[in-house]
Amino acid sequence: QVQLAESGGGSVQSGGSLRLSCVASGVTYTSYSMAWFRQAPGKEREGVAGIDRYGNIMYADSAKGRFTISLDKAKNTLSLQMNSLKPDDTAMYYCAAGPWISAGGGFLLRFGEYRYWGQGAQVAVSS
């Protein structure tokens, strides 16, 4: 049974930083990929950053240069360091995990590829 629990959301001003964490249980890292998604009110859930079972990383264009995804397997924790935050980054952020998702072809950031989801962490960025 895979369980994911996010923490670290909050409110910051534009230009600020936040770090999200996702503690995972039941994940087999040799076969699972993990990712961060976000969903703003009235918008579809979108992939932000993902890491596959080989350590390959993919970022959405909106996250490149500002966000960093990392996975600490010893602590079973997926993290997302977010710098230079903008009001457009305001959303509910979700941790996701799924088996056999390849970094090739953009699958790593596709919503439908993931089987397990956390409850979400709210991020609000004010101008």
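Atom set for the values below is all heavy atoms of this structure, side chains included, hydrogens, waters and symmetry mates excluded.
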Heavy-atom pair with the smallest gap, counting every atom of M34 and A97: CG-CB, 4.1 Å

Interatomic distance, K43 atom NZ to D88 atom CG [nearest 0.5 angstrom]: 6.0 Å

Worked verdict on N83 versus S17 for side chain to side chain donor-acceptor pair (under 3.5 Å): CA-CA 4 Å; N83 299 327; S17 298; 2.9 Å; yes

Residue pair Y116 / V27, side-chain heavy-atom distance below 4.5 Å: no

Spacing of CD belonging to Q122 relative to CD belonging to E6, to within rounding of 0.5 Å: 11.5 Å

Connected via hydrophobic side-chain network under 4.5 Å: I57 and Y114: no

Rounded distance (nearest 0.5 Å) linking atom CZ of R38 with atom OG1 of T90: 9.0 Å

Gap separating the CG atom of N76 from the OG atom of S21, nearest 0.5 angstrom: 12.5 Å

Which atom of Y59 lies closest to which atom of K64, heavy atoms considered: O-CE, 3.5 Å

OG-CZ distance between S79 and F67, expressed to the nearest 0.5 angstrom: 14.0 Å

Common cluster, L20/V12, ILVMFWY with side-chain heavy-atom separation under 4.5 Å: yes

Check: E46 and F111 side chains under 4.5 Å, non-hydrogen atoms: no

Minimum-distance pair of heavy atoms, taken over all atoms of L18 and G10: CD1-O, 3.8 Å

Residues R19, S70; criterion side chain to side chain contact (heavy atoms under 4.5 Å, CB included); working and verdict: CA-CA 11 Å; R19 186 178 182 87; S70 60; 3.9 Å; yes

Rounded distance (nearest 0.5 Å) linking atom CD1 of I51 with atom CG of L108: 8.5 Å

Single-linkage hydrophobic cluster, 4.5 Å side-chain cutoff, V23 and Y94 together: no

Minimum side-chain heavy-atom gap D52-I101 below 4.5 Å: no

Electrostatic pair D89-K86, nearest N-O below 4.0 angstrom: no

Flag, side chain of T77 to backbone of K75, donor-acceptor distance under 3.5 Å: yes

In one Ile/Leu/Val/Met/Phe/Trp/Tyr side-chain cluster, 4.5 Å: L109, W36: no

Heavy-atom closest pair, residues C95 and L78: SG-CD2, 3.9 Å

Flag if over 12 foreign heavy atoms under 6.0 Å of CD, E44: no

Within one Ile-Leu-Val-Met-Phe-Trp-Tyr cluster: I69 and F37, side-chain cutoff 4.5 Å: no

Minimum-distance pair of heavy atoms, taken over all atoms of M58 and A103: CE-O, 2.9 Å

Test of ring centre spacing under 6.0 Å for F107 and W100: no

Minimal non-hydrogen separation, R53 against S31, with atom names: CD-CA, 3.7 Å

